[in-house]
Protein chains: 4
Amino acid sequence: MSENAEGAAPPPGTRRPGGRTARTRAAVRDAVLTGLAEHGYPGLTVEYVAERSGVHKTTLYRRWGGLEGLVADALDLAGEDTWAPPDTGLLDGDLRALAREVCEAFGDPAAAAAPTAFIAAAFQSERAADALRAFYTERFGRCEAVVERAVARGEAPVGTDAGAVVRAVSAPLFLRLFVTREPVDTALADQSAAAVAAAVRAGAFTPSTGAGTATATDARTATAPPRTPR
Amino acid sequence: MSENAEGAAPPPGTRRPGGRTARTRAAVRDAVLTGLAEHGYPGLTVEYVAERSGVHKTTLYRRWGGLEGLVADALDLAGEDTWAPPDTGLLDGDLRALAREVCEAFGDPAAAAAPTAFIAAAFQSERAADALRAFYTERFGRCEAVVERAVARGEAPVGTDAGAVVRAVSAPLFLRLFVTREPVDTALADQSAAAVAAAVRAGAFTPSTGAGTATATDARTATAPPRTPR
Amino acid sequence: MSENAEGAAPPPGTRRPGGRTARTRAAVRDAVLTGLAEHGYPGLTVEYVAERSGVHKTTLYRRWGGLEGLVADALDLAGEDTWAPPDTGLLDGDLRALAREVCEAFGDPAAAAAPTAFIAAAFQSERAADALRAFYTERFGRCEAVVERAVARGEAPVGTDAGAVVRAVSAPLFLRLFVTREPVDTALADQSAAAVAAAVRAGAFTPSTGAGTATATDARTATAPPRTPR
Amino acid sequence: MSENAEGAAPPPGTRRPGGRTARTRAAVRDAVLTGLAEHGYPGLTVEYVAERSGVHKTTLYRRWGGLEGLVADALDLAGEDTWAPPDTGLLDGDLRALAREVCEAFGDPAAAAAPTAFIAAAFQSERAADALRAFYTERFGRCEAVVERAVARGEAPVGTDAGAVVRAVSAPLFLRLFVTREPVDTALADQSAAAVAAAVRAGAFTPSTGAGTATATDARTATAPPRTPR
DNA sequence: TGTTAACCGAGACGGTACGTCGCGTCTTTCT
DNA sequence: AGAAAGACGCGACGTACCGTCTCGGTTAACA
């Protein structure tokens, strides 16, 4: 997407990716992360990164094209971890654990700084927005395992929209964190998880079923099938 | 000597809010809104507001203390409208209408610009964050009527956490709009509304009941009303 | 020149110069003097004078028309003292005393601040320049007594240009103080006084004599009177 | 890391004084001189220099540190000319020529503007004062040749304080120009020159002799030798 | 003695210039 | 040939002081 077509000038730093280039890259990413955590996105400057990483400002512009690229690159790095969703053996427990993780991650101001900065960055930079989308798509993708396991266990109807479920769990927390700016706590996380779990059981996340107009009865019925082998 | 009794710094434009002062104020608010819509928060400059409003930069700093104050003030203004939540006569319908409204408001780029800018602003300014919190608290407060009416109609259990419900409905949309940066559409809005409605009926938003650990069975029990028929 | 023709608005503070007006005036002059001494002319602001004197800024503009007028007024005040030139009984002694007085007045930084500020002010304000000219004309006028007494005593030729003499004595000191910015000391003062005294005796300050083209011989002749023994 | 070895702040534009840097420098100096002549020091703004020279304001601050440095630099430039004192073959003539030159230089308002501005600048800026001192020290240093030649010719006593003499000649003119703000003319210049010449011949500028208390007799004696020949 | 006009206090405002920060570009120099 | 190093143009920042204006309150001189 952001790749250059063949024939065009190849971005510097591409052709000789060994040795100094590689070290530079890591140093820069660290500096960006540190800066983001310390000052947030709006307080992050190219000059800071240059100083902190020991890489000259001019080089940063040549290779990353400015702050946007720097941040997008750092976000890519952030996505490369080995995090895995919880597995408590129960949908309720998994969702609750998921929600609590969000809660805790953003509860500690120090830990929240960098992620928050990324979200803020997406408001100002298309490239950061793209990177953020990629990051969360991948992250929520991992989470879907939780739902799939629940389906396998018969806790959730077949056809449940896993992506929607895992998003719905953390959504109220994100809403309060970044939109309404209200405090969040564990109780809230639990409430959200429970609500989503209930909705899942009611089949509200199963598109095929007329979920939109599902009545309580329908919901109850809807939950049955998976289990009701027969 | 020229200190005011309360000891706090007297914000200029407060003590003689008549005549020119008032006109100035309105012009400035309009300019902020326009600027926000045109360039977003990060692209909004005090100088732009000064030029656009015809009020001198110095005056803006004197009276609003900078961009933060300008934006916070504009947000206050934005909250002063007569919007009322939908009333379709059914919880499902109301929630769906609510969700769709969010969807539409942020679907049109032109209309979304200003609100988005406010949310972005909150990332960079404590004052904007406060103003945003106030705005949404009040706005969601109005929405709670929807839940209260549902309770009155017997569609929702007594004791339902109205605030949590209305937030849960729009949360997945906001999540995708501002965090995961995924597209939203009416189907999504409907799905969210349906899920929340289901959860409400399942009693997942009724704190008194041990909603947090509610099992499917508990949930069914808690949802008494629906069961009533027989 | 800057006077108002009859019929025009009479300058405020003119028609009712009693009571508060008078007190105000004194307070303002003091404040100007203090400010001048503390910050020099370029550091003197109308706002400082307003605060310091307790007279409102608007009033200062109304009555003095701004900094220029304020300073000019203060300078007028400074000229109203009872200083008198020294009288040692000898031209040499008087001139030396005069020179030393300049030296001492500007040697102490604290004492020199205000006078220096006035001289600086004259560079920026026509009114201050006028006031300064008036001040020094009057001041040097008093000094001329020194020369007149010398003439009366027969120490100086009749027709000696008293004004030129008293100016010549202090001129080298002022030159070093304000133009070449070199240090001055008593020895310098003495040298200047001695040189001028010698020139006076040589008749170089007696216009009628062709002083301008005086040769060494002429000078000797001119100096004759006092000595003329023979 | 980016510190320079000497420890002192490395003034920008110092280490790479080639190409653009040099051109910039000249343009700026011209602009300062022009501005000084047009508006005087108090009317000279950095922004004016920026506009006039085509060099950006920020750069001016970076390289010259503000108005002070700008003016000091321009003054340095002003000192780099090839002016030489007059040589009429007579002390009287040389001194008179010197005095008249001052008179003429400051008589024409257009020509006087820049020098006057420099003197005014010294009142507000230590750096300008230093530069002014350096300028005049050097300039009067050149003038001393006049006295030295006179000594060589036997017109002035050996040991005459050349610096004091040349300063004394122009001092009354500067006094009237910048302190008492009185008009100056050629007659005054001649008077001053004649007086100083007389004092020189009287030995009043010869420190070794008890110049301070020199009597007319002493003076005559002191002046004698040169003439003795016959 | 009551008016009434002159004057003053108070505060907001438009305006010029300040001096600084960070961006992104360019040139020069090194290796 | 790419990177380091540094100067620069540029736009915006937030501040200081200027000088003006409007409003309201006092006060001193006059009817």
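Chain naming here is simple, since letters A, B, ... match the order of the sequence lines and numbering starts at 1 in each.
Protein atom CG of L60(D) is 13 Å distant from nucleotide atom C1' of dA7(F), rounded to whole Å. Between E47(A) atom CD and dT20(E) atom C1' the separation is 12 Å, expressed in whole Å. Taking atom CD on E68(D) and atom C1' on dA17(E), their separation rounds to 16 Å, with Å as the unit. In this structure, W64(A) places its CH2 atom 12 Å from C1' of dA3(F), rounding to the nearest Å. Atom CD in E51(C) sits roughly 12 Å away from atom P in dC18(F) (whole-Å rounding).
Where Y48(D) and T45(A) each meet DNA chain E at their nearest nucleotide, the meeting point lying more 5' is that of Y48(D). Take the nearest nucleotide of DNA chain F for L44(B) and for G54(D): the residue whose nucleotide is more 5' is G54(D). Heavy-atom nearest nucleotides on DNA chain F were determined for L67(B) and for V46(C), and the one closer to the 5' end corresponds to L67(B).
Between the side chain of T59(A) and the base of dG2(F), no donor-acceptor pair under 3.5 Å is found. Side-chain atoms of K57(D) and base atoms of dG9(F) include no donor and acceptor less than 3.5 Å apart. The base of dG19(E) lies outside donor-acceptor range of the side chain of T58(D), with no N or O pair under 3.5 Å. Evaluation of atom-type donor-acceptor distances gives a pair under 3.5 Å for the side chain of H56(A) against the base of dA5(F).
Residues forming a side-chain hydrogen bond (donor to acceptor under 3.5 Å, both in side chains) with Y61(C) (at least two apart in sequence, or on another chain): none. For A31(B), the side chain to side chain contact (heavy atoms under 4.5 Å, CB included) test picks out V49(B), R52(B), S53(B), with sequence neighbours left out.
For the pair Y61(D) and dT20(E), the criterion of a side-chain N or O lying under 4.0 Å from OP1 or OP2 is not met. OP1 or OP2 of dC7(E) has not a single side-chain nitrogen or oxygen of R62(C) nearer than 4.0 Å. The shortest distance between the side-chain N/O atoms of R63(D) and the OP1/OP2 oxygens of dC8(F) is below 4.0 Å.
Ring-centre distance between Y41(A) and F123(B): not below the 6.0 Å cut-off.
Remark: side-chain polar atoms of S125(D) are not paired, donor with acceptor, to backbone N or O of A121(D) under 3.5 angstrom.
More than 12 heavy atoms of other residues, nucleotides or ligands sit less than 6.0 Å from atom CD of E38(C).
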